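In this text the structure is predicted, and so the values were computed from the model without any measurement. So that the names make sense, note that chain A is the first sequence line, chain B the second, and so on, each numbered from 1.
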Amino acid sequence: MSDARLTSSTRRASGRRLSGVTIGAKARKDRFVWVVLAVVVLAIILLHGLPVSKLVGAGLSRDGLAAISRAFTSDLTPMWNSLLLGVLVAVVGTLIGFVMAYVQVFSSVRGKKLLHWLTLMPMISPPFAVATAMITMFGRRGILTYKLLGIEFDIYGLQGLVIVLAMTFTPLAYMNIRGMMENMDPSLFEAAKALGASELYILFRVTLPMVTPALLASFLILFVEGVADLANPLVLGGDFRVLASEIYFAVAGTGDVAAAAGLALVLLVPALGVFCVQKYWASRRTVVTITGKPTGSRRSVTDPIVMAPLLVIAGIWVLVIIALYGAIAVGGLTNILGVDNTVTWEHYEFVARLGSTAVGTTLWMTLVAAPVAALTAVLIAWLVARQFPRLGKVLDFVGMLGSAIPGTVLGLGFALAYAKPTWLFGHPILPALAGGVSVGSGAVAIIAVYVARAIPTGQQSTIAALSQVNRQIEEAATSLGAGQAATLRKVTLPLIAPAIVTAIMYGITKSMTTITAIIFITTPQTKVMTSQILDEVDAGRFGNAFAYCTVLIGLVLVVLVLASAALRLVTRHRKAES
Amino acid sequence: MTSNTMLTSTSKGDGVGGPGLLELHHVSKVFGVARSSAIAVDDVTLTIEPGQFVTLLGPSGCGKTTTLRMIAGFETPTSGDITLDGVSVLPVPPNRRPMSMVFQSYALFPNLSVSDNVGFGLKVKKVDKAERVRRVAQAMEQVGIGEYGRRYPHELSGGQQQRVALARALVMEPKMLLFDEPLSNLDAKLRERMRDEIKAIQRRLGVTSVFVTHDQTEAMTMSDVIVVMNQGRVEQIGSPRQVYGRPETRFVAAFLGKANFLTGKVVEAHGDGQATIHCGRMVVTVPCHDGVRVGGQAMVLVRAEGVRVSSGASDQVAAAGLGSSACLDGKIVSAAFDGPITVYRVATGLGEFKVDGPGARDVLPVGAPVSLTINQAQAWALPGDAA
């Protein structure tokens with residue numbers, strides 16, 4: 001078993017080592033495989049290909065090109081601001097992510113589990129939750145900054161955006177880096193210790209170099225997220241203009257879709273560039289230390305020189321998170337938090353009165369989208385990892401490309417592509433899917449965006465899971481007479497069930513909290529919670545927004561708890577396998 | 001019924017139809033393309049008779065597993081053909097070949113109980129439940145795991161897991177059983193026991209079996225026929241006795257057992273397949289390969305157990321009436337006690353010798369002068385140019 005694993009991880013290094021195991025394609029493919037391939041390709045074309053190509057078409061029109069040239073000449077500020085914001089968010093988020101991961105993996109402090117969940121908190125909350133709470137707690141008249149400390153801190157603009165975005169996306173960096181740290185072979189540290197290295201030395205010469213790939217990956221992911229984020233600049237930007245918000249204002253303000261598409265292309269370029277760099281870099285550097293058996297148990301780092309500063313940073317971070325989420329929870333129950341702290345149910349009554357349809361709609365659309373996304377992701381992963389070793393790389397690349405397309409850009413692309421019926425060779429093949437007058441009043445397009453946004457992560461996690469499954473197990477099924485469809489259904493899927501549940505969990509979380517990608521395709525008939533929240537924040541009714549956020553966070557938490565229960569159920573008998 | 005429809009209609013062979021004669025015709029397998037390609041299997045031709053237990057033996061990287069995987073259908077030969085009872089199996093996908101494979105890692109389905117693991121193939125084949133239950137129970141009984149049906153793979157030891165894997169393959173009543181190093185994850189004692197059990201079951205059911213291993217003991221003790229492979233090619237096909245005692249190449253001679261080689265000149269060939277060979281000052285008369293020619297070079301294989309080590313110089317030994325011309329003086333370089341035998345390395349004028357001495361006797365000290373007596377009837381001469 002460990003042999004097979006070793007082979008897959010060292011395949012690059014020893015391409016000529018052919019003796020033992022399973023390199024090379026299977027002999028013949030069932031028709032089932034080709035059907036799956038067709039479905040997957042069609043899905044990718046509809047979810048990414050068509051919207052992006054429509055967007056490119058519009059962006060390269062005369063008005064679009066004019067907007068692009070303006071962005072590079074007379075009006076450079078938004079682009080410059082976006083890049084600056086992206087870099088700062090990436091640096092801060094990655095650093096904090098590293099600290100939180102290190103403390104989580106290597107420290108022996110109590111309450112690590114709680115720390116873990118608090119660190120992940122921003123990921124399961126809607127985009128404005130943090131921003132709004134930030135204004136309330138740390139703004140010009142913030143409860144902590146002004147009322148408590150007497151500082152008049154200007155939260156609007158770059159500084160506020162960096163803090164809020166870093167907070168929003170730190171969980172991504174944290175998960176990435178923590179995953180890699182946990183995979184490090186404990187005997188490495190024992191070896192370093194035995195050779196006389198101090199904890200500090202180990203941190204810089206062993207731990208850091210080993211997690212560098214994860215650091216770089218986080219940096220790139222956070223950069224793209226930071227550049228692409230629309231929601232927070234809308235709330236916190238002030239007069240700090242970024243590309244994402246310019247796109248929004250071009251559509252919402254002047255209705256100049258071509259200009260918006262042009263700007264979206266400008267935004268697409270750095271995002272795709274970063275994606276390619278990351279892919280190239282990841283392909284050149286094989287992921288470290290994937291071994292069969294763990295060779296020992298990890299011992300925690302106790303040296304205060306290393307731990308103390310990291311614990312302090314982690315502590316401050318967690319306190320900020322607690323303050324912000326406290327504000328959200330309390331804010332929904334008070335008249336105007338910080339100004340008039342009388343307890344009231346008014347906001348929740350508002351949500352119950354006007355928001356219940358939005359809650360219902362968000363829920364059902366999410367619950368439709370997440371399994372569809374997970375299924376598509378699993379099928380892509382299966383084709384990539386099992387059926388088409390060479391073509392699969394292309395498929396993998398195209399599938400992951402979806403993660404590189406900023407939400408704003410994809411959303412605009414969907415609006416452009418599906419507001420009217422889709423034609424192919426003179427025949428309408430799809431009715432209008434986006435907008436108020438479309439089929440399902442725009443719900444179809446929103447669900448499609450949810451699916452498109454959730455596929456890449458699901459794909460990544462299922463490919464990772466598949467590479468951990470010993471191929472001999474699937475071959476055993478084949479040898480016992482099972483065809484490829486039966487093997488996938490009866491053996492492969494049960495084995496990667498945890499990854500599928502994770503993908504569904506992620507899909508639900510992401511869909512429920514997304515605003516950026518659907519802001520252009522929400523309709524009055526199809527109310528989505530996140531856009532309702534935006535309306536409330538826009539109108540300055542923070543209390544209502546807080547109540548909404550609390551409800552949404554609660555819903556996401558319920559879903560997550562249910563999903564982890566499901567996860568425990570499917571992994572009952574899996575102790576021995578990987 | 002043509003054999004072709006037989007193959008597909010009875011898919012996982014109910015033991016009906018042909019008897020299970022497998023032939024490989026000039027089978028090659030090249031991995032990769034162009035610059036980075038590597039030949040894994042190189043022009044292998046092989047016939048496996050029905051009911052035979054055939055072992056593919058060789059060092060890692062010799063192409064034995066690839067050959068097995070081509071038989072199973074997991075790899076497609078780059079060229080050549082594989083036939084079962086005279087019909088090519090290449091167009092048949094692996095799940096429709098009447099063969100079952102037992103994997104090195106056992107490859108049990110971790111999410112299924114033992115009896116569900118064993119019954120997996122029958123369920124795929126839609127065998128009705130009563131029949132399935134009966135056959136599963138029978139197969140589990142056969143390998144001695146009758147009482148573990150409700151357990152899950154991770155609750156079993158390595159040996160028990162291997163039995164489940166075996167039962168899972170047997171229950172299909174395949175025409176052929178394919179074993180891919182199934183014992184190499186077991187500890188030495190258990191390996192020995194499983195070896196005997198697999199062999200016993202195979203003999204009882206008479207099912208044609210192909211067994212891949214790098215362990216020569218497994219190959220020798222279990223096989224009817226051993227196919228020794230090296231660098232993708234077949235070096236020799238023969239019974240365990242033949243490949244051990246009468247190897248055709250230096251590689252086979254060296255791969256099996258502990259071999260010493262002497263080179264010399266052939267001075268005389270006797271009609272009975274023996275030749276007299278001058279190796280330095282020593283003259284031996286030993287059984288020889290057909291290719292050995294008078295006047296040519298020869299390589300004499302002397303197994304470690306085909307040499308007797310005695311303390312003292314050879315003239316003393318000769319004086320004691322034990323001597324013959326096949327005597328050699330030397331000095332002990334190292335001695336390792338290994339239970340029934342003591343393994344010596346002895347430096348002589350003809351190079352270093354590996355010698356198995358009796359374990360019961362006192363171990364001779366390092367540096368002691370000894371004489372080696374070669375048992376000429378057990379030795380074997382190959383032509384000097386044998387690769």
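- Neither the backbone nor the side chain of Ala486(A) has a heavy atom closer than 4.5 Å to any heavy atom of chain B.
- Residues that satisfy the side-chain hydrogen bond (donor to acceptor under 3.5 Å, both in side chains) test with Gln162(B), not counting sequence neighbours, are absent from this structure.
- To the nearest 0.5 angstrom, Glu475(A) atom CD is 12.0 Å from Asn95(B) atom CG.
- Between the CD atom of Gln472(A) and the CZ atom of Phe74(B) there is a distance of 9.0 Å, given to the nearest 0.5 Å.
- Heavy-atom contacts from other residues, nucleotides or ligands closer than 6.0 Å to CD of Glu23(B) number more than 12.
- Nearest heavy atom pair, residue Ile473(A) against residue Pro110(B), reads CD1-CD, 4.1 Å.
- Scanning both residues, Lys490(A) and Asn111(B), for their nearest heavy atoms gives O-ND2, 4.2 Å.
- Between the Ser479(A) side chain and the Met101(B) main chain, a donor and an acceptor come within less than 3.5 Å of each other.
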Enumerate, atom names and distances included, each donor-acceptor pair closer than 3.5 Å involving a side-chain atom of residues 502-509 of chain A, sequence neighbours excluded.
{"unit_1": "Thr502(A)", "atom_1": "OG1", "unit_2": "Pro498(A)", "atom_2": "O", "d": "2.7"}
{"unit_1": "Thr509(A)", "atom_1": "OG1", "unit_2": "Met505(A)", "atom_2": "O", "d": "2.7"}

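- Taking every heavy atom of both residues into account, Ala476(A) and Phe103(B) meet most closely at CA-CE1, 3.3 Å.
- Residues Ser105(B) and Asn470(A) come closest through the heavy atom pair OG-ND2, 2.9 Å.
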